[in-house]
Amino acid sequence: MQAFRHLNGLVAPLDRSNVDTDAIIPKQFLKSIKRTGFGPNLFDEWRYRDHGELGMDCSKRPLNPDFVLNQPRYQGVQILLARDNFGCGSSREHAPWAILDFGIRVVIAPSFADIFANNCCKNGILPVVLSSAEVSRLFVEVDATPGYCLDVDLEKQRVTTPGGDVFTFAIDDFRKKCLLEGLDEISLTMQFVAEIKDFEARRMLAEPWLFSG
Amino acid sequence: MHAKTLYDKLWKRHVVRCDDDGTCLLYIDRQLVHEVTSPQAFEGLRLTGRRPWRSAANVAVPDHNVPTTDRSGGIAEPLSRLQVETLDANCAEFGINEFVMNDVRQGIVHIIGPEQGLTLPGMTIVCGDSHTSTHGALGTLAFGIGTSEVEHVLATQCLIQKKARNMLVSVDGQAGRGVTAKDIMLAIIGEIGTAGGTGYVIEYGGDAIQALSVEGRMTVCNMSIEAGAKAGMIAVDDKTIAYVKGRPFAPKGDLWAQAEADWRTLHSDPGAHYDRIVHLDAAAIQPQVTWGTSPEMVTTIDGRVPDPADEPDPVKREGMKAALEYMGLAANTPIVEIYPDTVFLGSCTNARIEDLRAAAAIVKGHKLAGNIKRALVVPGSGLVKKQAEEEGLDTIFKACGFEWREAGCSMCLGMNEDRLSPKERCASTSNRNFEGRQGQGGRTHLVSPAMAAAAAITGHFIDVRTLEV
């Protein structure tokens, strides 16, 4: 996984709550058996005016000019500003894969669905939770300021506005460490092979029926 | 001794080790695998030269991509075929038991787990699928994970987790006639919202939950994710034990006696602490119908589509306006004046035998209403289909005008060819009414099987309790 430490990047606003992972990456693209290449289909049904299928050349498809990520001022976005319960619904990791492939490394929202936030952290994307009031204020500032960038510092756990205002955010220590160092969790767990084997042996004695099938 | 919740007990049993900050390694007893969220995980194993920690802990089935029409000739759609063939090849390479597409035991992963006895009380169960919460109905800790975690479980039989908080949703008293598990769960989501369970494991309790069959409990636990919860679960009781006994992968003989004694301890202790408790009065729950594009956008059959103008929160108001525009509905429309084009009876929420029986009882002797263009019954597994046929349910559905299909996820998410067209309106027994979920531009109303059946024969949503059966 690529590490995430610090980013100063262009912000785009997606002003709706309960954005689900079906919207982030519709089901037809889940037929891919790869981890990459989902970026052109991020928010596919909102982004294009036609029906998208896997393998289509998206550069030739008609764009929906009203969709925020299609607006010229948000080209090159690296930070997505969102509302409550972002990433709800399906557990598909294709959603963060699409976000990452599109070039977005930070999503800021008042709340995230659990599985989505977890999947983000395993792919070098930082989910930042700020208060509803702080997020609402950022929506106003982004809207009013073309080229609006935020500075996101994971080590210090803070988001700094162009005006110098600082918002701090909380993050689980383990997630923070993994993101900062780009750690592979399977390798981390493999350090405990002996403990897992001991646990399994005890479990086999306590609940043998789990190992009989 | 400190009183524990069911979740506390299940968690404690599975902790391999913990760091001081509460980051724990949790042992996983069972991983269920399907074709959509696993190929990249198996590829990860190959790239790192890793093998499954314990192949026998994993069971695979193709369900999302499989056609529900005649499939004796295989899968015509090339991308779907590739994904299913990839699953077959990965299971062969890594020694994982798979119920292949044309095996009678094939079906939706969350239906075949309990059906086969692969889901046993006390287990931790994961799957790269958010509706894994279904299995909590049997007193398990079961939750959906992403593909990176699928690979993690394959390689280590563990997951890195922090403990969630405890929530009790108690549905007190008895539900009225014609009010089903689906109605209870939609009412719960309407009450706490789609993010109401975020950060929690929900235990469902109360008389109305205890009164449900195990299959009904699965419907409730299935939609825990629609309330944002990490997992949903229900204590083990006599019904749970009776349900599991004799299933193909359930323990037998002495092991059964030992297991049963253990499983009977899988309930919350009196006085156990919950971080949040929600009470619902079962008698007040009416048949439910969703009107919008989030499961929390739900009301009762005697209700109306709400008016965004009455919503004080501006973000919610805009969300309601967008939902009504997408759904092609005007504010204040009575729910009984909404006319579906299509009826879908299926999904991991409502495609078990009791669901099919409930719907068949309503449609028996009736024809589809004139405005219903198509109606599908997609049984949850090949064995559900077989049993329904033995009971003659297929004849009832077909005589009414329903198509009788093979098992799979089908139109719940339309990864196969069963999809809604733009603006097509569907009475669906599935779990998500998101934009585009059942097909781009499709309009989904979530209901119980009985309510879907009632809409099929009358042509509009109607209180199933007013129909003579």
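In what follows, every chain begins at residue 1, and chains take the letters A, B, ... in the order their sequences are listed.
- Across Leu30(A), Asp198(A), Leu54(A), Asp15(A), the residue that shares the most heavy-atom pairs under 4.5 angstrom with chain B is Leu30(A).
- Taking chain B as the reference chain and counting heavy-atom pairs below 4.5 Å, the highest number among Asn123(A), Asp20(A), Asn119(A) is found for Asp20(A).
- Between Glu151(B) and Arg35(A), at least one side-chain N (NZ, or NE/NH1/NH2) sits under 4.0 Å from a carboxylate O, which counts as a salt bridge.
- Between Val15(B) and Phe199(A) the shortest side-chain heavy-atom distance does not fall below 4.5 Å.
- In this structure, Ile225(B) CD1 and Cys88(A) SG are separated by 9.0 Å, a value rounded to the nearest 0.5 Å.
- A donor-acceptor contact closer than 3.5 angstrom links the side chains of Asn18(A) and Thr194(B).
- When all heavy atoms of Leu210(A) and Arg54(B) are compared, the closest pair comes out as O-NH1, 4.0 Å.
- Note that the CG atom of Asp84(A) and the NZ atom of Lys316(B) stand 9.0 Å from one another [nearest 0.5 Å].
- Dense packing is recorded around CG of Asp57(A), with more than 12 heavy atoms of other residues, nucleotides or ligands lying under 6.0 Å away.
- Counting heavy-atom pairs closer than 4.5 Å to chain B, the top residue among Ala95(A), Ala206(A), Ser17(A), Gly89(A) is Gly89(A).
- Electrostatic pairing of Lys34(A) and Glu43(B) does not count as a salt bridge here, judged by no charged N lying under 4.0 Å from a carboxylate O.
- Proximity to chain A is limited to the backbone of Gln438(B), based on heavy atoms less than 4.5 angstrom apart.
- From Lys27(A), atom NZ reaches atom CD of Gln440(B) across 8.0 Å, with rounding to the nearest 0.5 Å.
- For a residue to count as touching a neighbouring chain, one of its non-hydrogen atoms must lie under 4.5 Å from one of that chain's; by this rule Arg13(B) touches chain A with backbone and side chain alike.
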Could you please spell out the steps behind the salt bridge (Lys or Arg N to Asp or Glu O under 4.0 Å) verdict for Arg50(B) and Asp184(A)? CA-CA 14 Å; Arg50(B) 292 176 176 133; Asp184(A) 164 23; 3.6 Å; yes
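- Residue Thr198(B) comes nearest to Phe112(A) through the heavy atom pair CG2-O, 3.7 Å, listed as atom of the first residue, atom of the second, then distance.
- For NZ of Lys245(B), the number of neighbouring non-hydrogen atoms (other residues, nucleotides, ligands) closer than 6.0 Å is 12 at most.
- Of all the listed residues (Met1(A), Arg16(A), Glu195(A)), the one sharing the greatest number of non-hydrogen pairs under 4.5 Å with chain B is Glu195(A).
- Looking at every heavy atom in both residues, Gly199(B) comes nearest to Asp114(A) through N-OD2, 3.2 Å.
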Evaluate Glu149(B) against Asn118(A) for side-chain hydrogen bond (donor to acceptor under 3.5 Å, both in side chains), listing each step before the verdict. CA-CA 10 Å; Glu149(B) 292 186 316; Asn118(A) 198 26; 2.9 Å; yes
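- Per-residue counts of heavy-atom pairs under 4.5 Å with chain A were compared for Leu120(B), Thr37(B), Leu413(B); the largest is that of Leu413(B).
- Atom CD in Glu207(A) sits 9.5 Å away from atom CH2 in Trp263(B) (nearest 0.5 Å).
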Where do Ile145(B) and Ile115(A) land on the side-chain contact (heavy atoms from CB on, under 4.5 Å) test, with the steps shown first? CA-CA 6 Å; Ile145(B) 56 177; Ile115(A) 304 175; 5.9 Å; no
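- With 3.5 Å as the limit, one finds a donor-acceptor pair spanning the side chains of Ser148(B) and Glu93(A).
- Looking at His14(B), both its backbone and its side chain come within 4.5 Å of chain A, counting heavy atoms on both sides.
- Heavy atoms of Gln258(B) lying under 4.5 Å from chain A belong to its backbone as well as its side chain.
- By the neighbour-count criterion of 12 heavy atoms within 6.0 Å, atom CD of Glu325(B) is sparsely surrounded, having that number or fewer from other residues, nucleotides or ligands.
- Checked for salt-bridge contact, Asp262(B) and Arg203(A) miss the test: no charged N lies under 4.0 Å from a carboxylate O.
- Considering CD of Glu53(A) and CG of Leu79(B), their distance stands at 8.0 Å, rounded to 0.5 Å.
- Side-chain contact between Ile196(A) and Leu25(B): present, with at least one pair of heavy atoms (C-beta onward) separated by less than 4.5 Å.
- Between chain B and the residues His94(A), Lys122(A), Arg83(A), Glu200(A), the most heavy-atom pairs under 4.5 angstrom are made by Glu200(A).
- The two residues Ser90(A) and Ser130(B) come nearest to each other via the heavy atoms CA-OG, 3.7 Å.
- Contacts between Ser187(A) and chain B at a heavy-atom distance below 4.5 Å involve backbone atoms as well as side-chain atoms.
- For the pair Asp22(A) and Arg437(B), the salt-bridge criterion is met [side-chain N within less than 4.0 Å of a carboxylate O].
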With side-chain contact (heavy atoms from CB on, under 4.5 Å) as the criterion, how do Lys197(A) and Trp53(B) come out once you've worked through the C-alpha distance, each side chain's angles and the decisive distance to 0.1 Å? CA-CA 10 Å; Lys197(A) 284 188 172 161; Trp53(B) 180 278; 3.8 Å; yes
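- In this structure, CD1 on Ile33(A) lies 10.0 Å from OG on Ser38(B), to the nearest 0.5 angstrom.
- Among the candidates Asp29(B), Val150(B), Asp21(B), the residue making the largest number of heavy-atom pairs closer than 4.5 Å to chain A is Asp29(B).
- Ranked by heavy-atom pairs under 4.5 Å with chain A, the list Pro251(B), Pro39(B), Ala195(B), Ala259(B) is led by Ala259(B).
- Environment of NZ in Lys162(B): crowded, with over 12 heavy atoms of neighbouring residues, nucleotides or ligands closer than 6.0 Å.
- Side-chain contact, Ser80(B) with Lys31(A): a donor N or O sits under 3.5 Å from an acceptor N or O.
- Across all their heavy atoms, Leu255(B) and Pro208(A) have their closest contact at CD2-CG, 3.6 Å.
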side-chain contact (heavy atoms from CB on, under 4.5 Å) between Phe192(A) and Val16(B): does it pass, once the steps are laid out? CA-CA 9 Å; Phe192(A) 305 112; Val16(B) 176; 5.9 Å; no
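- Taking chain A as the reference chain and counting heavy-atom pairs below 4.5 Å, the highest number among Leu82(B), Val36(B), Leu159(B) is found for Val36(B).
- A side-chain N or O of Trp46(A) and one of Glu435(B) form a donor-acceptor pair less than 3.5 Å apart.
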For Trp97(A) and Gln40(B): C-alpha separation, side-chain torsions, deciding distance, then whether side-chain hydrogen bond (donor to acceptor under 3.5 Å, both in side chains) applies. CA-CA 11 Å; Trp97(A) 293 338; Gln40(B) 299 87 352; over 6 Å; no
